[in-house]
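Shown next, in structure tokens, is the structure this report addresses.
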Amino acid sequence: MSEVVISDSIKYVGANDHKIDLFESQYVVPNGVSYNSYVILDEKIAVMDTVDWRATDEWFDNVEKVLDGRMPEYLVVSHLEPDHASNIDNFVKKYPTVKLVGNVKTFNMLPQFFDLELTDEQKVVVAEGDKLSLGEHTLQFFMAPMVHWPEVMVEYEEKEKVLFSADGFGKFGALDVEEDWACEARRYYFNICGKYGVQVQALLKKAATLDIQTICPLHGPILKENLGYYIGLYDTWSKYEAESEGIFVAYASIHGNTKKTAEEFAEMLKAAGAPKVSIADLSRDDMAEAIEDAFRYDRLVLAAPTYDGGLFPVMNDFLSHLAAKAYQKRTVGLIENGSWGPMAAKKMREQLESMKDITVLEPVVTIKSTMNDANKETMKQLVKELVR
């Protein structure tokens with residue numbers, strides 16, 4: 001991995017992971033993931049978070065190289081999730097004089113992960129706005145509860161104007177892979193933090209009071225330029241507003257007939273001048289990417305068959321994911337298929353009614369087994385409503 005440069009005093013000591021198969025045992029990461037950790041070198045040295053157990057040896061090698069024989073005074077624990085905190089106990093054993101910096105919730109949760117006997121002198125308990133001087137560098141702490149765990153906090157280094165943002169502004173993908181930031185950051189945000197838009201908004205309001213020139217997240221690249229772009233996207237995402245005008249067609253199909261209908265409908269939308277049409281097969285495409293597209297665009301079309309008198313399971317799963325991530329403020333069209341007793345639209349509508357500010361358009365398109373000319377006329381009517 002090429003060297004990640006932050007500054008002369010703030011060093012990157014994280015690691016890339018290309019061996020992980022599923023992040024959080026559910027999200028595909030074709031380009032891996034990074035576990036970010038930092039060291040601030042000053043009169044007193046602060047290590048900013050540890051890394052996942054998968055990267056233990058590489059991380060300790062990186063830390064030792066940067067410390068160059070010195071002893072760290074502090075280990076700042078921004079977030080206790082194991083992909084960032086797995087090595088807290090190993091670090092304390094290796095550097096027994098180190099002090100752990102966390103908030104009340106951090107130290108309440110710490111025994112759930114580690115059998116660590118810390119003295120009061122080894123704990124630095126910080127609260128909102130508290131500061132910790134390292135010499136020329138000063139860390140100020142801001143609580144970020146439920147972004148996306150209750151103990152999360154972020155740190156602002158005053159001298160170099162660096163925000164250590166925990167999971168905020170993170171993305172999937174290792175640092176040795178060049179790829180578009182927004183695509184994998186969006187998929188990461190909506191699937192990891194999407195439920196907590198209100199809490200992210202609260203954190204953004206705190207960040208707006210700071211002169212931030214660099215953002216150092218716990219996953220993904222260090223952000224130094226055009227910070228307004230990244231902060232603006234986070235503002236849009238956490239308000240549950242659509243990032244782009246467009247229509248996402250999410251379909252599930254048992255034998256292919258609903259698929260044909262969904263694909264025909266997508267072509268009708270394009271022909272009618274829809275600004276952007278995206279389509280996904282919920283049985284085969286990445287569910288996390290489907291969630292991402294549902295949030296990205298301002299309109300959604302759901303197409304699914306009836307199954308055992310209810311809704312085909314992958315569509316049910318998709319809607320459950322949307323509800324769990326607080327999906328809202330969208331316009332939705334429905335297409336159902338049912339050979340003898342169509343129930344899919346009713347079941348989809350029931351799930352949508354549990355979400356905030358969802359407008360379900362009429363007409364609902366009902367296919368009985370295979371699409372016919374009458375169906376196409378109804379589809380045209382729904383297209384008009386969606387592109388109005």
Side-chain angles (χ1 to χ4, degrees), residues 4 6-7 9-14 34-40 46-51 74-85 88 99-110 124-134 137-171 181 185 188-189 192-224 227-228 230-235 237-238:
V4 178
I6 303 169
S7 75
S9 301
I10 302 177
K11 303 295 185 180
Y12 180 86
V13 292
S34 70
Y35 310 116
N36 297 346
S37 173
Y38 311 89
V39 175
I40 304 176
V47 177
M48 310 298 289
D49 294 287
T50 76
V51 297
Y74 302 109
L75 173 61
V76 177
V77 182
S78 306
H79 184 18
L80 272 173
E81 197 167 11
D83 54 327
H84 309 300
I88 289 176
K99 296 181 179 180
L100 264 59
V101 182
N103 55 68
V104 170
K105 292 177 182 176
T106 309
F107 289 109
N108 285 344
M109 290 177 68
L110 195 64
V124 179
V125 183
V126 295
E128 182 75 20
D130 284 355
K131 296 185 179 185
L132 178 67
S133 175
L134 306 176
H137 296 79
T138 300
L139 290 171
Q140 187 173 18
F141 300 90
F142 297 92
M143 302 302 113
M146 298 318 300
V147 186
H148 60 122
W149 278 24
E151 89 303 350
V152 174
M153 64 182 187
V154 302
E155 302 81 36
Y156 177 68
E157 199 292 297
E158 295 181 345
K159 180 176 186 289
E160 303 196 51
K161 305 183 189 310
V162 175
L163 179 69
F164 296 93
S165 60
D167 273 336
F169 301 98
K171 67 178 282 292
W181 183 87
Y188 177 91
Y189 174 84
I192 304 295
C193 300
K195 181 178 180 180
Y196 305 108
V198 171
Q199 291 83 355
V200 173
Q201 277 289 303
L203 182 58
L204 288 176
K205 287 180 172 61
K206 296 178 185 181
T209 67
L210 305 171
D211 179 10
I212 300 169
Q213 295 187 6
T214 302
I215 298 175
C216 290
L218 288 179
H219 294 295
I222 285 75
L223 307 176
K224 289 188 174 185
L227 296 187
Y230 306 107
I231 294 170
L233 282 176
Y234 255 64
D235 186 48
W237 297 343
S238 57

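- The shortest distance between side-chain heavy atoms of I88 and L110 falls below 4.5 Å.
- Looking at Q201 and D235, their side chains do bring a donor and an acceptor atom within 3.5 Å of each other.
- Around atom NZ of K159, more than 12 heavy atoms belonging to other residues, nucleotides or ligands sit under 6.0 Å away.
- Counting only heavy atoms from C-beta outward, the side chains of I40 and Y74 never approach each other to under 4.5 Å.
- Using a 4.5 Å heavy-atom cutoff, the side chains of D211 and E158 are not in contact.
- Contact detail for V101 and L132: the closest heavy-atom pair is CG2-CD2, 4.1 Å.
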Trace of the side-chain contact (heavy atoms from CB on, under 4.5 Å) decision for I10 with T214: CA-CA 11 Å; I10 302 177; T214 302; over 6 Å; no
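- Within the 4.5 Å cutoff, the side chain of L227 has heavy atoms near those of the I215 side chain.
- Rounding to the nearest 0.5 Å places NZ of K206 at 10.5 Å from CD of Q140.
- The minimum heavy-atom distance between I212 and A207, with the atom names listed, is CD1-O, 3.7 Å.
- D49 and S37 share no side-chain donor-acceptor pair at under 3.5 Å.
- Between F142 and Y156, the ring center distance fails the sub-6.0 Å criterion.
- Checking Y12 against N36 by side-chain atom types alone, a donor-acceptor pair falls below 3.5 Å.
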side-chain contact (heavy atoms from CB on, under 4.5 Å) between F164 and V76, intermediate numbers included: CA-CA 10 Å; F164 296 93; V76 177; over 6 Å; no
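- Taking all atoms of both residues into account, the shortest heavy-atom contact from H84 to T50 is O-OG1, 2.7 Å.
- The two residues Y234 and F169 make their nearest non-hydrogen contact at OH-N, 2.8 Å.
- A donor-acceptor pair under 3.5 Å links the side-chain atoms of K224 to the main chain of I6, judged by distance alone.
- Across all non-hydrogen atoms, the minimal contact from S165 to P217 is OG-CA, 3.3 Å.
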Considering only distance and modelled atom types, tabulate donor-acceptor pairs under 3.5 Å from the side chains of residues 145-154, sequence neighbours left out.
from	atom 1	to	atom 2	distance (Å)
H148	NE2	E81	OE1	3.0
H148	NE2	D167	OD2	3.2
E151	OE2	H79	ND1	2.7
E151	OE2	L80	N	2.6

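- Side chain of S238 to backbone of V200: no donor-acceptor contact under 3.5 angstrom is found.
- Between E160 and S9, the shortest heavy-atom distance links the atoms OE2-CB, 3.5 Å.
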Trace of the side-chain contact (heavy atoms from CB on, under 4.5 Å) decision for V77 with F107: CA-CA 10 Å; V77 182; F107 289 109; over 6 Å; no
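- Counting non-hydrogen atoms of neighbouring residues, nucleotides and ligands closer than 6.0 angstrom, the NZ atom of K171 exceeds 12 such neighbours.
- Counting heavy atoms from C-beta on, the side chains of I222 and Y38 come closer than 4.5 Å.
- With hydrogens and angles ignored, the 3.5 Å screen pairs a side-chain donor or acceptor of H219 with a backbone N or O of S34.
- No side-chain donor-acceptor contact under 3.5 Å links E155 to the backbone of F141.
- Atom CD of E157 sits about 8.0 Å away from atom OG of S7, to the nearest 0.5 Å.
- Residues M143 and N103 meet the side-chain proximity criterion, which asks for heavy atoms closer than 4.5 Å.
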